[in-house]
Colleague: 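Sharing a structure here in structure tokens format.
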Amino acid sequence: MSLWIPVTIAAATFQTVRFMLQKSLSSVKLTAAGATFARFAYSIPLVLIALIVALQLTGYSLPPLTARFWVFATIGGTAQILATICVVALFKQRNFAVGITFKKTEVIQTAIVGFLVLGDQVSSWALGAIFLGLTAVLLLSKSPGGDGAWWRHLTNRASRLGLGSGVLFAFSSVSYRGASLELGEIDAWFRALVTLAVVVSLQFVSMGLWLLWRDRAELRAVWQTRRTGVFVGLTSLCGSFCWFLAFTLQNAAYVKALGQVELILSLFASILFFRETITRREIAGMTLLGASILALVLSI
């Protein structure tokens, strides 16, 4: 089995747990921005310590960080901040499983962005799977109890947040792959760790300065929720490292396609932990999207 497959499954597992923790934080004390910042605030010490330990144990030195690397890292980090805010805000609109499903439409956009930016190719079979995924999005776009034509529901707040997060996550995924590939022919895990350390540092500083300027009370709230925030940081570190390593090893679109296993995990989380109700239409939409994922994986 290729290494990127178990690494991607591990990334999806860690990410599901992190979103569960962020949903809990956002529903209790923090805004969407605060719950997003908590991820970076509590993961940056762990990321930097991991990088320092790796440098000491391996004797490696930091590779040169080119201007192209910084462009990719900045675009990816900024897009991920905005995408995460969209997802956390979406949790207030729809249940956990459907919120994650909307976010997972990123695989469709990742294939397109990866081709346009990095020239990553996607097979014709994979394109068919992408159109199947679009059908699933139409099923999920209608709010429970909503009336009217299906296309009107694509403009509701939940749909805008979900689809918007998918686009932003697509740009972040492709940008992270681009940044990692800019580091040259060194071990894939070390490229992933260096890229992760740079990106998280940029995210922590930029978002910290923003909250310091606009909402200092939210910074205090992030500190007050540190008991949960520490676990957000730990799961964020583990999940992000696995994603970055997978992006280094494989086409970002295929990584995101396999990462859709998160749908199954989020469904269990929604029912077992948050005691939320899943409608038949939502189950049908997630099943159809899952089928498109399987078709994409089989096309590799």
Colleague: Below 4.5 Å, heavy atoms only, C-beta onward: do Phe241 and Val47 meet side chain to side chain?
Modeller: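 Result no, sub-4.5 Å side-chain heavy-atom pair not found.
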
Colleague: Please check: side-chain N/O of Arg214 versus main-chain N/O of Trp210, any donor-acceptor pairing under 3.5 Å?
Modeller: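 No; zero donor-acceptor contacts below 3.5 Å.
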
Colleague: What's the shortest heavy-atom distance between Ile81 and Ser206, and which atoms?
Modeller: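 Shortest heavy-atom separation between Ile81 and Ser206 comes out as CD1-OG, 3.8 Å.
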
Colleague: Quick check: do Phe37 and Leu219 have side-chain heavy atoms less than 4.5 Å from each other?
Modeller: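 Contact flag for Phe37/Leu219 side chains = yes.
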
Colleague: Has Phe171 got more than 12 heavy atoms of other residues, nucleotides or ligands less than 6.0 Å from its CZ?
Modeller: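 Atom CZ in Phe171 is not packed in, count stays at 12 or less.
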
Colleague: Once rounded to the nearest 0.5 Å, what's the spacing between atom CG of Leu82 and atom CE of Met207?
Modeller: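 Taking CG in Leu82 and CE in Met207, the distance rounds to 8.5 Å.
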
Colleague: If a pair satisfies salt bridge (charged side-chain N to carboxylate O under 4.0 Å, His left out) and one of its residues is in residues 176-205, list it, with sequence neighbours excluded.
Modeller: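 As it turns out, the salt bridge (charged side-chain N to carboxylate O under 4.0 Å, His left out) pairs with a partner in residues 176-205, which skip direct neighbours, are Arg68-Glu182, Asp120-Arg177.
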
Colleague: Calculate, to the nearest 0.5 Å, the distance between atoms CG and CH2 belonging to Leu249 and Trp189 respectively.
Modeller: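 One gets 13.0 Å once the value is rounded to the nearest 0.5 Å.
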
Colleague: So, applying side chain to side chain contact (heavy atoms under 4.5 Å, CB included) with Phe190, which one of Leu183, Thr248, Leu245, Leu51 is it?
Modeller: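 Checked Leu183, Thr248, Leu245, Leu51 against Phe190; only one passes side chain to side chain contact (heavy atoms under 4.5 Å, CB included): Leu51.
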
Colleague: Is there side-chain contact between Thr8 and Cys242, with at least one heavy-atom pair below 4.5 Å?
Modeller: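 Heavy-atom side-chain distance check fails, nothing below 4.5 Å.
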
Colleague: Are Val199 and Leu65 connected in a single hydrophobic cluster, I mean Ile/Leu/Val/Met/Phe/Trp/Tyr linked by side-chain heavy atoms less than 4.5 Å apart?
Modeller: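 They do share one cluster, since a chain of ILVMFWY contacts under 4.5 Å joins Leu65 to Val199.
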
Colleague: Report the relative orientation of the aromatic rings in Phe247 and Trp243; use parallel for angles under 30°, tilted for 30 to 60°, perpendicular for over 60°.
Modeller: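 Geometry flag for Trp243 against Phe247: parallel rings.
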
Colleague: Applying a strict under-4.5 Å side-chain criterion to I, L, V, M, F, W and Y, I'd like to know whether Leu46 and Ile52 cluster together.
Modeller: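 Cluster IDs for Leu46 and Ile52 differ.
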
Colleague: Are any non-hydrogen side-chain atoms of Phe69 and Thr195 less than 4.5 angstrom apart?
Modeller: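 Yes, side chains in contact.
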
Colleague: As an exercise, state the distance from CD1 of Ile9 to CH2 of Trp4, rounded to the nearest 0.5 Å.
Modeller: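 Rounded to the nearest 0.5 Å, the CD1-CH2 separation comes out at 9.0 Å.
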
Colleague: Within the 4.5 Å heavy-atom criterion, are Ser173 and Val255 side-chain neighbours or not?
Modeller: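 Counting from C-beta outward, Ser173 and Val255 never come under 4.5 Å.
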
Colleague: For the pair Ser2 (side chain) and Ile5 (backbone), establish whether a donor and an acceptor sit closer than 3.5 Å, ignoring hydrogens and angles.
Modeller: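 Not confirmed, Ser2 side chain does not pair with Ile5 backbone.
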
Colleague: So, the side chain of Tyr176 versus the backbone of Ala73: is there a donor-acceptor pair under 3.5 Å, distance only?
Modeller: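 Pair absent, no side-chain N/O of Tyr176 close to backbone of Ala73.
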
Colleague: Would you call Leu234 and Val230 a side-chain contact if the rule is heavy atoms closer than 4.5 Å?
Modeller: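 Not touching, per the 4.5 Å side-chain cut-off.
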
Colleague: Tell me whether Leu48 shares a hydrophobic cluster with Leu57, the cluster being built from Ile, Leu, Val, Met, Phe, Trp, Tyr side chains joined at under 4.5 Å.
Modeller: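 Not linked; separate clusters.
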
Colleague: Is Ser172 reaching over with its side chain to a backbone N or O of Phe169, donor-acceptor style, under 3.5 angstrom?
Modeller: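 Side chain of Ser172 to backbone of Phe169: a pair is present.
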
Colleague: How close do Ser43 and Val200 get, heavy atom to heavy atom, and via which atoms?
Modeller: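 So the two residues come closest at OG-CG1, 3.8 Å.
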
Colleague: Rounded to the nearest 0.5 Å, how far apart are CG of Asn251 and OG1 of Thr110?
Modeller: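 The OG1 atom of Thr110 is 9.5 Å from CG of Asn251, to the nearest 0.5 Å.
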
Colleague: Identify the heavy atoms of Val222 and Gly34 that sit nearest to each other, and give their distance.
Modeller: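 Heavy-atom minimum between the residues: CG2-O, 3.6 Å.
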
Colleague: Could you state the interatomic distance from CG (Leu181) to CG (Leu118), rounded to the nearest 0.5 Å?
Modeller: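 Here the rounded value is 7.0 Å.
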
Colleague: Would the distance check show the side chain of Gln203 and the main-chain N or O of Phe40 forming a donor-acceptor pair, the cut-off being under 3.5 Å?
Modeller: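 Looks like no, no N/O pair under 3.5 Å.
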
Colleague: I'd like to check the side-chain contact (heavy atoms from CB on, under 4.5 Å) partners of Trp223; sequence neighbours left out, ordered by chain and number.
Modeller: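 Residues passing side-chain contact (heavy atoms from CB on, under 4.5 Å) with Trp223: Tyr42, Arg226.
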
Colleague: Taking Val53 as the starting point, is it possible to reach Val194 by hopping between hydrophobic residues whose side chains are less than 4.5 Å apart?
Modeller: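 As far as the 4.5 Å side-chain criterion goes, Val53 and Val194 are not connected within one cluster.
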
Colleague: Where is the tightest heavy-atom contact between Phe231 and Arg227, given as atom of each residue plus distance?
Modeller: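 For Phe231 and Arg227, the tightest heavy-atom pair comes out as CD1-O, 3.2 Å.
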
Colleague: I need the minimum non-hydrogen distance between Ser240 and Leu196, along with the two atoms involved.
Modeller: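 Closest approach of Ser240 to Leu196, heavy atoms only: CB-CD1, 3.4 Å.
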
Colleague: Evaluate the side-chain proximity of Leu55 to Ser61: yes if any heavy-atom separation is below 4.5 Å, no if none is.
Modeller: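 The answer is no; the side chains never approach within 4.5 Å.
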
Colleague: Taking atom CZ of Phe72 and atom OG of Ser175, what is their separation to the nearest 0.5 Å?
Modeller: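 Interatomic distance, Phe72 CZ to Ser175 OG, rounded to 0.5 Å: 6.5 Å.
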
Colleague: Under a 4.5 Å side-chain heavy-atom rule over Ile, Leu, Val, Met, Phe, Trp and Tyr, are Val198 and Leu237 clustered together?
Modeller: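 Val198 clusters together with Leu237.
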
